Each structure stands twice: as structure tokens, then as C-alpha cells.
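Quick notes on the structure that follows.
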Amino acid sequence: MLKQTEGSRAVAEAVALCRPEVICAYPISPQTHIVEALGEMVKDGSLAPCEFINVESEFAAMSVAIGSSCAGARTYTATASQGLLYMVEAVYNASGLGLPIVMTVANRAIGAPINIWNDHSDALSQRDSGWLQLFAETNQEALDLHIQAFRLGEELSLPVMVCMDGFILTHAYERVDMPTQAQVDAYLPPFEPRQVLDPAEPVSIGAMVGPEAFMEVRYLAHAKQMEALKLIPGYANEFREIFGRDSGGLCHTYRADDAETIVVAMGSVLGTIKDTVDQMRDAGHKIGVLGITLFRPFPIQQVRDALHNAKRVVVLEKSLAVGLGGILATNVRMALSALPIDVYTVVAGLGGRPITRRSLHALFRKAEQDEIDAVSFLDLNRDAVDKQLARERAHRRTGPAAEAMLRDLGVVAAKLA
Amino acid sequence: MTPQPIYLEEKLKEVQESGRLAYRSKSMPTWCPGCGYFSIVDGLPGALNDLGIAPKDAVVVSGIGCSSRFPFFVNTYGFHTLHGRVLPVATGIKTANDALTVIAVGGDGDGFAIGGGHVPHAARRNVDLTYLLFDNGIYGLTKGQTSPTSSVGFKTPTSPYENPDQPLNPLLMVLTYGATWVGQAYAGRPQQLETMIKQAIAHRGFSYLHILSPCVTFDKTDRTYVRLGDLVRDLPANHDKGDLGAALHLAMDTATPALGVFYETQRPTLADALDGLVEKAGGSVGQKRRTA
């Protein structure tokens with residue numbers, strides 16, 4: 001059914017259609033609307049049987065999720081930013097134990113400096129955690145990916161993170177096609193756990209493993225993730241048959257057939273990039289797009305296939321590997337090993353900095369001339385940076401850089417005497 | 001005697017001459033109009049001023065939440081830390097520089113949910129700092145979810161169904177954790193609040209001041225000024241603040257919260273204990289700590 005609704009609400013309704021049995025959460029922006037909507041459905045009985053637990057921290061949220069998944073319940077939680085970082089020990093625990101928990105990450109920057117706005121630093125910090133990671137471009141895709149996530153995670157017995165841009169998607173009202181319960185039931189079978197705490201067949205979960213088998217258990221985690229690369233295209237096909245639309249998959253090209261320049265990105269910024277590319281195509285530029293839906297496992301072969309004919313690749317990412325450059329770009333480079341293709345890393349939109357068509361036009365035109373640096377920062381205020389660097393050269397005790405830069409910009413009212 | 005009228009001009013002059021404004025920053029608090037926290041941001045400068053602690057000798061450390069915006073609004077050193085981490089950061093600051101007056105501030109969620117694991121240890125170690133706990137029984141900054149001190153049955157616009165969970169009793173907890181100064185104040189009684197902040201800071205050791213406050217935006221039914229104003233009462237005149245048993249007994253009465261100093265005792269602080277270890281080992285404490 002078509003409806004105009006908030007991204008968070010759409011995801012909450014989709015999760016409800018997946019018949020979760022335990023939901024636990026702790027409030028953190030911009031994820032809170034999702035679990036609030038689910039909490040409401042649990043309490044008014046429209047989502048039964050399901051328990052909602054308002055826990056004391058994100059660390060508790062993931063730990064409760066681990067417990068309930070072990071006990072055989074389909075389990076869901078959601079978080080963002082600092083919340084994801086706080087639960088990290090349990091995040092690794094969930095994947096190490098092979099528990100198919102589904103978690104929404106409403107992508108938000110991580111501090112310091114504290115910032116509530118969108119980028120991908122939170123989820124990408126967990127790229128090696130053993131969770132599958134899916135990135136949504138639109139609210140429709142966010143909704144659909146959650147349904148696919150339960151199917152995928154439960155088949156592989158691995159946890160899945162569904163990432164959607166905080167505020168840009170979570171708080172945006174868009175038209176979405178909400179599936180029926182019958183459609184979701186046809187797609188997603190009831191949860192059949194591979195491991196469960198069952199007195200009839202007692203097991204203990206969380207065994208200590210020494211050097212004799214640790215490597216093998218870890219290898220298995222990798223091998224299982226790689227299985228997802230084979231399963232996902234089939235699941236996307238099945239999804240199309242039941243729901244009547246394309247959603248999910250590994251990665252998707254857009255107007256890239258004869259492209260000399262291909263822009264690679266993840267999440268909602270793909271919309272702005274596609275609009276820019278449309279305008280440039282109309283003006284005769286040979287430019288196209290590759291959107292990555294599945295970040296973990298990384299679809300190396302499919303990315304290589306999509307990019308191998310390009311002259312250059314521009315990876316536009318909302319994340320920063322401090323001391324290296326890009327996170328997504330590093331993965332793309334690996335997919336292009338030994339191919340004579342220039343890969344440019346463009347770090348953009350950190351902490352909610354808008355990524356505009358105007359800036360993208362300028363960037364892509366420069367890239368076509370190979371006039372951008374190997375690593376660059378879109379719309380960086382160079383003057384502000386230079387001023388701070390000059391200050392640090394002149395004085396030893398310059399204080400917190402973030403506050404000093406805010407003062408330069410006139411954002412902080414207080415002045416030290 | 002007929003009450004003397006207070007004229008605005010005279011009052012302004014008095015405030016300006018008091019010196020307390022030196023402790024306020026030029027940032028206006030971002031709290032909702034009517035928030036109880038305004039009493040605290042007014043009370044702390046008064047307390048520090050009366051104690052003769054200069055702004056440069058005080059540091060306010062906060063966690064995350066409405067309450068934790070506090071350091072921006074006072075002109076002392078300020079540190080806005082991570083959610084729930086106010087006490088370990090404050091402990092680090094005090095351990096590195098014993099000359100600073102360290103004031104930790106935070107809300108009920110910050111202190112007793114996500115940061116709850118730190119409270120017992122700051123208390124039992126008797127870190128020489130003051131912890132001002134702003135308890136409005138709600139997560140305000142994320143728009144009004146129930147917190148660990150929300151009443152059973154409490155509803156909010158974002159938690160529309162009755163809170164099923166038993167609230168914590170922070171006063172009872174910190175008393176059993178070994179805090180050496182424990183008191184309770186109410187944001188609706190600003191003068192008493194200021195006096196108690198002063199006493200808490202003057203105490204040598206871990207002082208815990210529980211400050212009851214309404215959340216005027218997300219709580220229209222439970223902890224309103226009208227309801228809290230009716231419920232709070234002064235401590236019994238004969239209360240012996242050296243009597244832990246009596247303090248525990250008072251803390252158990254959450255229906256009519258008592259305002260005042262519940263408990264006070266003296267014990268070596270963390271710094272004393274650390275110095276003692278060095279001396280016991282035959283070493284010298286020397287000049288390891290900087291002065292402000």
C-alpha cells in the first residue's frame with residue numbers, strides 16, 4: 001500500500017511485519033523514532049507476541065539482544081553513533097556467537113567533537129565486526145532491506161546491520177510502498193535458530209576457545225559472510241517476485257555503460273549524485289554511478305566488473321580513515337587491484353555538511369580532467385583550517401581546536417577573560 | 001513587621017556587586033523556559049563566589065543530556081564528556097590536579113542508567129569532588145522517554161504507555177555506596193539549593209547532592225512545580241546527620257522527599273589514600289600535583 005510517511009515510521013512498520021519477538025533499545029538521536037513507534041505497537045497489542053524492553057544503555061541493548069536471540073527469539077534493536085560505539089564489545093560478541101540479530105543504524109557522526117548529524121563514521125567503524133552491513137539509498141529501500149535482513153541473517157546465522165542516513169532518511173517524509181503481512185510472511189519463514197538454549201538439548205553458548213581452534217572459528221565467520229555474496233542476488237530476485245520491485249542486491253550501476261568516469265557512493269547521497277550525473281549526461285559527459293548496497297561482505301568481484309572499463313573512479317564517501325583517507329575507497333581500490341584505473345577519494349558530508357549538486361558538478365568536472373588530489377575533502381573551509389594551524393604554530397597552549405574554530409566562525413558567544 | 005518591598009534596581013545592583021556574575025558565561029542556557037535547571041546554574045556561581053573559589057580554580061564536568069549542557073553556561077573550566085562518563089573523567093581531573101575544585105554534573109539517565117556503574121566506585125573511593133545530580137525523572141534531550149527514576153505508571157508523549165519499571169532510589173544507593181556527604185535539594189527552592197551546593201563543595205570527600213527538578217516540557221503530570229512543591233518537606237529538626245541509619249530511613253521516604261543534609265562523615269579521600277600508599281612504601285609524594 002502506498003503511503004506518505006516518515007522514514008523511521010516506515011522502518012518500524014516493516015520490522016513489525018517481520019514478527020520480531022524481542023525488541024530492546026535505549027534512546028539516541030536520530031534512531032529514537034523507530035523504536036518509539038515499535039514500542040507503541042507492542043504496548044497497544046498490534047505487535048503480538050513481542051516484548052519491548054527499555055534498557056539502561058546501548059551496551060545493555062545489545063547484551064539483551066544476545067540473550068534473547070540465544071533463547072530463540074527473533075530479535076531487533078536500533079542505535080546510532082556513540083550508542084553503536086558504546087555497545088561494540090557486545091556487537092563483536094553477537095557476530096562471534098553467530099546470532100542473527102537485526103539492528104538499524106541511523107548513521108550519525110561520532111565524536112569528539114560531539115555532533116548529532118549524518119555521516120557514515122559509526123557503521124563503518126564496525127566494518128570488521130563480523131556483521132553484515134547493508135546501506136539504504138531511500139526510505140523504500142530502508143524498509144525493504146530490513147525484511148531482507150531477517151531472511152539473510154537467519155539463513156546464515158549472522159547478525160545484520162541495516163544502515164540508513166540519520167535525519168536525511170530517518171526524519172524525511174517520503175512515499176513508500178508498505179508490504180502486506182501476507183507478502184512478508186511469504187518471503188520470511190519463521191525463525192529456526194541454528195543454536196538455541198533448550199533444556200531438551202542442552203548446550204552452553206560462549207565457550208572459551210584457545211589456539212587449537214580459534215583461527216578456524218574465525219575463518220568460518222569469514223567464510224559464512226562470503227556465502228552472503230551468493231545468497232543475496234537470489235534473495236533480491238525472490239523479493240522482486242513477491243513484492244514487485246527491485247530492492248537490495250549487492251551493488252547497482254546507473255548510466256555507467258560507456259562511462260569514463262564512475263562515481264562510487266553509498267546511502268542517500270546517491271540521489272544527489274544521480275541527479276548531477278543526469279545533468280552532465282545531458283551535456284554530453286561520459287559519467288556514471290555505482291551505488292554500493294552491501295558493504296560487508298564487500299562485493300569485490302561485482303565492483304570490479306562494474307568499474308573495470310572506466311578510466312577513473314571517484315569514491316565519494318561520508319567517512320574518513322584518519323591517517324589514510326577513505327574507508328570505502330580503500331575497499332574499492334582492493335576490488336580494482338592491478339587495473340590501470342585512477343581511484344580518487346573524496347571525503348564529503350562529515351557531520352552533516354550538505355553535499356550539494358553545485359559542489360558535485362564542480363568536483364566531477366575537475367575529476368574528468370584528473371585535476372583532483374588522490375584524497376580530497378569536499379567544500380573544506382581551508383581558511384578556517386589554516387588559521388588554526390597558524391595558531392598552533394604560534395602558541396603552545398591553544399586549547400581545544402573545535403572550540404577555537406567555532407569562535408573564529410562566531411558560533412560561540414562566550415569569551416575567555 | 002511588614003515585608004519590605006524589593007526594588008528591581010536595588011536587586012540588580014546587589015547581584016552585580018556580589019561578584020557572582022563572574023561565574024556565568026555569556027552563553028544563555030538553552031533549556032526550556034521554566035526549567036528547574038536555571039536555579040542550579042544560578043546557585044553554583046553563588047556558592048563558588050561565597051566560598052571564594054575563583055572561576056579559574058573550578059572545573060565543571062558533565063555527561064550528556066539537558067543537564068550536561070551546564071558547563072557552557074558557567075565561566076569555570078568546563079568539560080562536556082561522553083554519556084555516563086562524568087565521574088571517571090572528574091576523578092581523572094581531580095587526581096591529576098588536586099588544587100582544582102571539581103564539580104560533576106549530570107542527569108538521572110546519565111548518572112543512574114548508562115553511567116550507573118561508576119557511581120559506587122567514585123563514592124567508595126571518596127574522590128574529593130561534588131556530584132550534582134539533576135533528577136527530573138526523564139530523558140529530556142531525546143524528547144521525553146522514561147528514565148531510571150521515572151515513577152511506575154508515568155506516561156510521556158514519547159512513552160505513551162505506563163512505565164512498568166520500579167524507579168531507582170539514588171539517595172539510598174549513594175548512602176550504601178559509601179558517599180561521605182549526601183543531601184537533597186529542590187530546584188523550586190533556589191536559596192536553599194544554593195546553600196546546599198555550597199555545603200557540598202565545602203565538604204572534603206565525595207559529596208552527592210540530589211536535586212529534584214520538574215521537566216516542564218515533557219512531564220505535565222508527575223513532577224510538576226505544583227506537585228513537588230506540595231510534597232517536599234524540610235528534614236526533621238532533630239535529624240542527626242552523623243547517623244547513617246537515620247539517613248537511610250529518610251532516603252526510603254520517597255513520597256515526601258526531605259530537603260537537607262542527610263549524612264555527613266569524614267574519611268580519607270582517594271588522594272589521601274594514594275599518598276598514604278607512597279609513604280607506606282617509603283617514598284615521597286613530592287611535587288607531583290600541579291597547583292591551579
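Convention: sequence-line order gives letters A, B, ...; per-chain numbering from 1. Basis for what follows: all heavy atoms, side chains included, without hydrogens, waters or symmetry-related copies. Quantities reported herein were computed from a predicted structural model and do not represent experimental measurements.
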Interface residues of residues 61-94 of chain A facing chain B - heavy atom cut-off under 4.5 Å:
Gln82(A), Tyr86(A)

Check whether Ser147(B) gets within reach of chain A through its side chain, its backbone, both or neither, counting any heavy atom under 4.5 Å.
neither

Quick one, Gln145(B) and Thr32(A) - any side-chain contact, counting heavy atoms below 4.5 Å?
yes

Tell me the residues of residues 161-168 of chain B whose non-hydrogen atoms fall below 4.5 Å from those of chain A, in number order.
Tyr161(B), Asp165(B)

Mind checking whether Tyr139(B) and Tyr26(A) have parallel, tilted or perpendicular rings, split at 30° and 60°?
perpendicular

So do Ile28(A) and Thr142(B) actually touch side chain to side chain, heavy atoms under 4.5 Å?
no

How about NZ on Lys43(A), more than 12 heavy atoms from neighbouring residues, nucleotides or ligands closer than 6.0 Å, or not?
yes

Side chain proximity check, Glu40(A) to Pro160(B), heavy atoms < 4.5 angstrom:
yes

Atom group of Arg24(B) that falls short of 4.5 Å from chain A, counting heavy atoms:
neither

Is Arg353(A) atom CZ crowded by more than 12 heavy atoms from other residues, nucleotides or ligands, each under 6.0 Å away?
no

Under 4.5 Å, heavy atom to heavy atom, which residues of residues 108-117 of chain A contact chain B?
Ile114(A)

State the NZ-OG distance between Lys143(B) and Ser29(A), to the nearest 0.5 angstrom.
6.5 Å

Residues, nucleotides or ligands: over 12 heavy atoms within 6.0 Å of Glu51(A) CD
no

Quick one: list whatever passes salt bridge (charged side-chain N to carboxylate O under 4.0 Å, His left out) with Glu392(A), sequence neighbours left out.
none

